[in-house]
Structure formats: C-alpha cells, structure tokens
Amino acid sequence: MIVFFGPAGAGKSVQGQILAARMGWRWLSAGQLLRDTKDVALLHVMHEGKMVPHEAITKIMGEAISKSANINQLILDGFPRLLEQAKWLTDSQPAHGRSVALVIVLEVPREELLKRLEIRGRADDTPEAIDERLKIYRIEMYPVLNYLTEQNVPIVHIDGTGSVGQVHDRVVAELTSRELV
Ligand SMILES: Nc1ncnc2c1ncn2[C@@H]1O[C@H](COP(=O)(O)OP(=O)(O)O)[C@@H](O)[C@H]1O
C-alpha cells in the first residue's frame with residue numbers, strides 16, 4: 001500500500017488517481033468511499049469538515065481493502081488521517097496481507113491550498129469546512145507521522161506545488177528510486 005498524506009487541496013486524489021491509472025493499481029479514497037455510501041448522517045459530518053466516526057471509516061476502508069485482494073498495489077488517499085486510524089492500519093496489516101510500503105506527504109503552502117479549494121468548489125468546500133479540515137490536519141499530522149515513523153514505515157515529503165504533471169513526475173521518481181515501480 002502507498003499512502004498519500006497531506007491537507008485538503010494538496011492533490012492527493014489527483015495524484016492518486018493518475019498513479020493508479022498509469023500503474024494498473026487501485027485508488028482507494030476515504031472521502032470518495034464515504035460520499036459513495038450516500039449515508040445522510042455521514043454526509044452531514046463531512047459537510048462540516050469534521051471526521052466521521054472511527055468505526056464507520058475503518059469498516060469502509062477495511063471492506064475496500066479486503067475486496068482488493070487481487071490488486072497488485074493499493075493507493076490509500078485520505079486514510080489514515082488520525083492517530084487511531086494509523087494504529088488500526090498497522091494493526092490490521094497482517095489480516096490484510098499488505099503493509100504500507102511508503103507514505104507520500106504532499107507539501108503545499110496554505111495560500112496555494114486555499115486557491116485550489118476555491119477553484120474545486122465541492123459541496124463541502126465551504127470556508128468553515130475548509131478551515132476545520134486544515135485545522136484537523138495541522139493538529140493530527142505530527143501524531144500520525146510520528147507513530148508511523150516509530151513503526152518503521154518509510155515516509156517521504158514531496159513538493160506538491162507546480163503542475164499536476166510535475167508533481168506526478170516527482171512521485172514516480174521517488175517510487176523508482178525505492179524500487180516500488
Ligand atoms: N480518514 C477519515 N476519517 C474520518 N473522516 C474522513 C476521513 N477521510 C475523509 N473523511 C471525511 O470526508 C471529508 C472529505 O474528505 P476528502 O474527500 O479526502 O477531501 P479533502 O482532501 O478535501 O479533505 C472530510 O472532510 C471528512 O469529513
């Protein structure tokens with residue numbers, strides 16, 4: 001599994017989808033899987049930019065990972081976001097028969113994130129929800145990355161600015177140097 005990590009607007013989904021399409025891998029986006037449930041209570045939480053309950057997101061991600069048994073490599077996007085999710089993921093690695101090969105942290109300055117989110121204009125991209133999501137990221141990123149470091153999960157920080165193609169090239173160069181492609 002390769003995890004794309006970063007704040008809202010960093011380009012996790014775009015990069016995750018391009019990489020999956022190019023390599024024949026599967027892209028599993030927490031946000032997309034949650035939206036696909038059409039569950040009114042979950043959608044309400046998402047609309048406020050808050051995190052959905054642990055049980056809900058781990059059930060959805062766990063099922064999606066289990067259903068992907070025949071897929072060579074999985075790209076996780078937007079999961080794990082919280083420490084308890086990171087713990088769940090490393091604890092369930094043996095059950096899934098997969099481990100996290102690399103965490104890619106996409107780095108983009110705040111002003112650029114805000115510009116990108118304004119252009120995206122998704123239903124849950126209200127100023128309040130964006131603020132809340134960026135705040136949660138600032139608070140949670142260190143516990144999650146520290147925990148994964150302690151677990152010897154490789155982490156790389158990649159510059160997420162520039163064109164989609166430029167960022168993709170940086171990602172592929174990193175995966176190539178680690179012999180993951
Ligand atoms: N790992 C997660 N745990 C809990 N809630 C999540 C998680 N991932 C996504 N969500 C919910 O889905 C919303 C949209 O997430 P996502 O599509 O990844 O967009 P963004 O990258 O812009 O935050 C989040 O604001 C949150 O409510």
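Atoms considered below: every heavy atom in the structure, side chains included; atoms not considered: hydrogens, waters and symmetry mates.
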Q: Verify the neighbour count for atom CD of Glu118: are there more than 12 heavy atoms of other residues, nucleotides or ligands below 6.0 Å?
A: no

Q: List in chain and number order the residues that pass salt bridge (Lys or Arg N to Asp or Glu O under 4.0 Å) with Arg98, two or more places apart in sequence or in another chain; answer none if no residue qualifies.
A: none

Q: Identify which one of Ile18, Ile2, Val172, Leu180 satisfies the side-chain contact (heavy atoms from CB on, under 4.5 Å) criterion when paired with Met23.
A: Val172

Q: Determine, stepwise, if the pair Ile155 / Val105 fulfils side-chain contact (heavy atoms from CB on, under 4.5 Å).
A: CA-CA 7 Å; Ile155 297 174; Val105 187; 3.8 Å; yes

**Q.** Partner of Val156 under side-chain contact (heavy atoms from CB on, under 4.5 Å), chosen from Leu175, Ile104, Val171
**A.** Ile104

Q) Side chains of Ser13 and Trp27: does their closest heavy-atom pair fall under 4.5 Å? A) yes

Q | Nearest non-hydrogen partners of Pro80 and Ala86, listed with the distance | A | CB-N, 3.4 Å

Q.
As an exercise, state the distance from CD1 of Ile75 to OG of Ser29, rounded to the nearest 0.5 Å.
A. 11.5 Å

Q: Output yes when a side-chain donor or acceptor of Glu174 lies under 3.5 Å from a complementary backbone atom of Arg170, and no otherwise.
A: no

Q: State yes or no: are the ring centers of Phe79 and Trp88 separated by less than 6.0 Å?
A: yes

**Q.** Charged N-O contact under 4.0 Å between Asp125 and Arg133
**A.** yes

Q: Show your working on side-chain contact (heavy atoms from CB on, under 4.5 Å) between Arg81 and Tyr137 and close with a plain yes or no.
A: CA-CA 7 Å; Arg81 274 186 202 238; Tyr137 180 74; over 6 Å; no

Q.
Restricting to non-hydrogen atoms, name the atom on Pro154 and the atom on Ala101 that form the minimum distance, rounded to 0.1 Å.
A. CG-O, 3.3 Å

Q. Do the side chains of Leu148 and Ile57 join up, straight or via other hydrophobic residues, at under 4.5 Å, putting them in one cluster?
A. yes

Q. To the nearest 0.5 Å, how far apart are OH in Tyr147 and CG in Leu89?
A. 8.5 Å

**Q.** Side-chain heavy-atom pair Arg35, Leu42 within 4.5 angstrom cut-off
**A.** no

Q: Please determine if Lys59 and Glu55 form a salt bridge, counting it only when a charged side-chain N lies under 4.0 Å from a carboxylate O.
A: no

Q | N-O pairing of Asp131 and Arg138 below 4.0 Å | A | no

Q) Once you round to the nearest 0.5 Å, how far does CD1 of Ile119 lie from CG of Leu114? A) 11.5 Å

Q: Test Leu134 against Arg110 for side-chain contact (heavy atoms from CB on, under 4.5 Å), laying out the working first.
A: CA-CA 9 Å; Leu134 294 180; Arg110 186 182 166 91; 3.7 Å; yes

Q. Any side-chain heavy atom of Lys50 within less than 4.5 Å of one from Val45?
A. yes

Q.
Ignoring hydrogens, what is the shortest heavy-atom contact between Ala8 and Leu117? Give both atom names and the distance.
A. O-CD1, 3.8 Å

Q: Without swapping roles, check the side chain of Gln15 against the backbone of Val164 for a donor-acceptor pair under 3.5 Å.
A: yes

Q.
Are Asp39 and Val52 packed together at the side-chain level, in the sense that at least one heavy-atom pair is separated by less than 4.5 angstrom?
A. no

Q: Supply the atom-to-atom distance Met51 CE to Glu132 CD, rounded to the nearest 0.5 angstrom.
A: 8.0 Å

Q) Same cluster for Val181 and Leu106 if Ile/Leu/Val/Met/Phe/Trp/Tyr side chains link at under 4.5 Å? A) yes

Q) How many angstroms lie between OG in Ser92 and CE in Met61, if you round to the nearest 0.5 Å? A) 10.0 Å

Q) Between Gln73, His96, Arg26, which is the residue that forms a side chain to side chain donor-acceptor pair (under 3.5 Å) with Ser68? A) Arg26

**Q.** Considering all heavy atoms, the nearest Ala10-Leu113 contact
**A.** N-CD2, 3.6 Å

**Q.** Spacing of CG belonging to Asp124 relative to CD1 belonging to Ile130, to within rounding of 0.5 Å
**A.** 8.5 Å

Q) Would Val153 end up clustered with Ile65 when hydrophobic side chains under 4.5 Å apart are linked, directly or stepwise? A) yes

**Q.** Heavy-atom donor-acceptor pair, His47 side chain to Ala123 backbone, under 3.5 Å
**A.** yes

Q) Counting heavy atoms not belonging to His157, are there more than 12 under 6.0 Å from its NE2? A) yes

(Q) If you define the side chain from C-beta out and look only at heavy atoms, does anything of His168 sit under 4.5 Å from Arg22? (A) yes

Q | Ion pair check, Glu112 and Arg116, cut-off under 4.0 Å | A | yes

**Q.** Minimum heavy-atom distance Ala30-Gly78, with the two atoms named
**A.** CB-O, 3.5 Å

Q) So, Asn146 versus Glu150: side-chain donor-acceptor pair below 3.5 Å or not? A) no

Q. For the side chain of Gln166 and the backbone of Ser163, is there at least one donor-acceptor N/O pair under 3.5 Å apart?
A. yes

(Q) Please determine whether residues Leu43 and Ile60 belong to a single hydrophobic cluster, defined as Ile, Leu, Val, Met, Phe, Trp and Tyr linked transitively by side-chain heavy-atom distances below 4.5 Å. (A) yes

(Q) Using modelled atom types and a 3.5 Å cut-off, is there a donor and acceptor pairing between side-chain atoms of Lys12 and backbone atoms of Pro7? (A) yes

Q) Can you find a pair of side-chain heavy atoms, one from Leu76 and one from Phe5, that are under 4.5 Å apart? A) no

Q | Co-membership, hydrophobic cluster, residues Val3 and Leu33, 4.5 Å side-chain | A | yes

Q. Would you call Lys67 and Glu63 a salt bridge, taking side-chain N to carboxylate O under 4.0 Å as the test?
A. no

